[in-house]
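Every chain is numbered from 1 and lettered A, B, ... according to where its sequence line falls, protein lines coming before strand lines.
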Amino acid sequence: MEGNIAEMGQFIGAGLAAIGSGAAAIGVGHVAGNFLAGALRNPSAAAAQTATLFIGIAFAEALGIFSFLVALLLMFAV
Amino acid sequence: MANDTHSADTETAHGAVDAAHGAAGHAEAASAGMPQLEFATFPNQIFWLMVTLVVIYLVLSRVALPRIAAVLAERQGTIANDLAQAEELKQKAVAAEEAYNQALADARTEAHRIVAETKAEIQADLDAEIAKADAEIAAKAAESEKAIAEIRASAVESVHEVAKSTAAEIVGSLGMSGDAKAIEAAVAERVKG
Amino acid sequence: MGKIALILALVIVAAATLFLQPEHAGLAIHPMDQFEISPLFGHGDISWYTPTNVTAWMAIAVLCIILLLVVGTRRRAIIPTRTQSIAESAYGFVYKMVEDVAGKDAVGFFPYIMTLFMFIVFANFLGLLPFSFTTTSHIAVTAILAMLVFLTVTIVGFVKNGTAFLGLFWVSSAPLALRPVLAIIELISYFVRPVSHSIRLAGNVMAGHAVIKVFAGFAGALGMFAFLPIFAITAVYALEVLVAFIQAYVFTILTCVYLKDALHPSH
């Protein structure tokens, strides 16, 4: 197991950055779960809010994608 | 650097390193690993993307979208037309039903009227017939009465005759010659009494 | 029919696992190789006009769009055929989105938004074909798309509203003391928009494709047990089909949201 310490740092950093994906997953689940809870309370209003749901999911997911990007950059680009 | 995969397996790691080196060599990548960050390819991508977008935009805005909009509008028009037609037909059906009901009611009243008229006519006829029959009966009764009265009168007459002749006979056989006038008077008196 | 196809696929997988063993089993994972840009003809340098696989797959996307929206609707039938029906529902989908989200006065931008939507949808779905190249997985492409939206929105905002467009950053419903802080935050978020807008699309597409490739590498290494990662690939692929559409939808709807900000900047 030889290698240089910078490479090790890269991989560790990439792994740490990947945690962000999980955090984004929590966020997306939160958005979808709350939407479902609200939609079950008031199903008639749910259809009008699906666009908002997707926008919310997209915003939550974008940040996870950022962390994924950081991981990729550390793995391949640095 | 992408010259390693995250494999703990040292035996296979060497092969992977070789393969990755081969790939990197083949790509001749400035920044090994992510083709997304090879800035040398950016002008190419941007140029072709622009061409693509312009082509799609022209095709859509000149041909596709107006055509689909026209088709949709036409269908909307057709549907609206059909709906209007259906509405019209419905109105017609309602009107027809109303007319039918009206006719039915008319017919019913007409029938009632005819029935009543007929009844009245029949009643009138009946009354007339009854009156006629009554009159006839009355006439017949009167006639019969007259006949009876005549018969009675003739019978009384006959009784008179018989009584007269019998009385004259009796008087003759008793040896007395009776006056015809006296006998008549006596018989008349008796018969009357 | 579906059952037969499934059994056939399983048989092929089993046969491939048995007979197509890699020569040296090992973890040879190159998840990023699929995104490489290479010239269509020869091996020279890539200058700005060189026809590359990017060109080819963009051309295929254009061809598909023309097939669907132009050739599919050529009969202008009142009772639509299947293809025409798809074209019409795509039209209705985007049109309704523009009308509902961006407002009735944004209908003028409908061809532009439709262009973006159709391109992204077809690029994403074509990228899901095996051995294909996904143009939307490249940050250069999505960055240009997002920058176009950003510039359009900014220019339209200033042209339509003048300096009143700056009211977008001045949250008049917040307490006065908070407003400068909020203005800075809004300003930053406004300029981060194109970044997140482009990276969301490229990142999602790239991530899914890379994950599939990683699992494919596992399948190569596992030999007999390759069916496990292959099932995982199937699941990820299904997710990718969903993501391919949802990302196009999200890109389009965010464009509409930004456009609404430009047309009605008041908070």
K.L.:
Report the distance from atom CD of A/Gln10 to atom CD1 of A/Ile5, rounding to the nearest 0.5 Å.
P.N.:
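So the gap between those two atoms works out to 12.0 Å.
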
K.L.:
Tell me, for A/Leu72 versus chain C, whether the close heavy atoms (under 4.5 Å) come from the side chain, the backbone, both or neither.
P.N.:
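Side chain only.
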
K.L.:
Can you confirm whether the side chains of A/Thr52 and A/Gln49 place a donor and an acceptor under 3.5 Å from each other?
P.N.:
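Present: a donor and an acceptor within the cut-off.
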
K.L.:
Kindly say whether the aromatic ring centers of C/Phe251 and C/Phe117 come within a distance under 6.0 Å.
P.N.:
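They do not qualify: ring centres at least 6.0 Å apart.
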
K.L.:
With ring centroids as reference points, do C/Phe150 and C/Tyr258 lie under 6.0 angstrom apart?
P.N.:
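They do not qualify: ring centres at least 6.0 Å apart.
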
K.L.:
Measure A/Phe54 against the heavy atoms of chain C and call it side chain, backbone, both or neither at under 4.5 Å.
P.N.:
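The answer is both parts of A/Phe54.
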
K.L.:
Tell me, side chain or backbone of C/Leu201 under 4.5 Å from chain A's heavy atoms, or both, or neither?
P.N.:
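Answer is neither: C/Leu201 stays 4.5 Å or more from chain A.
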
K.L.:
Where on C/Leu254 is there a heavy atom nearer than 4.5 Å to chain A: the side chain, the backbone, both, or neither?
P.N.:
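It is the side chain, since no backbone atom gets that close.
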
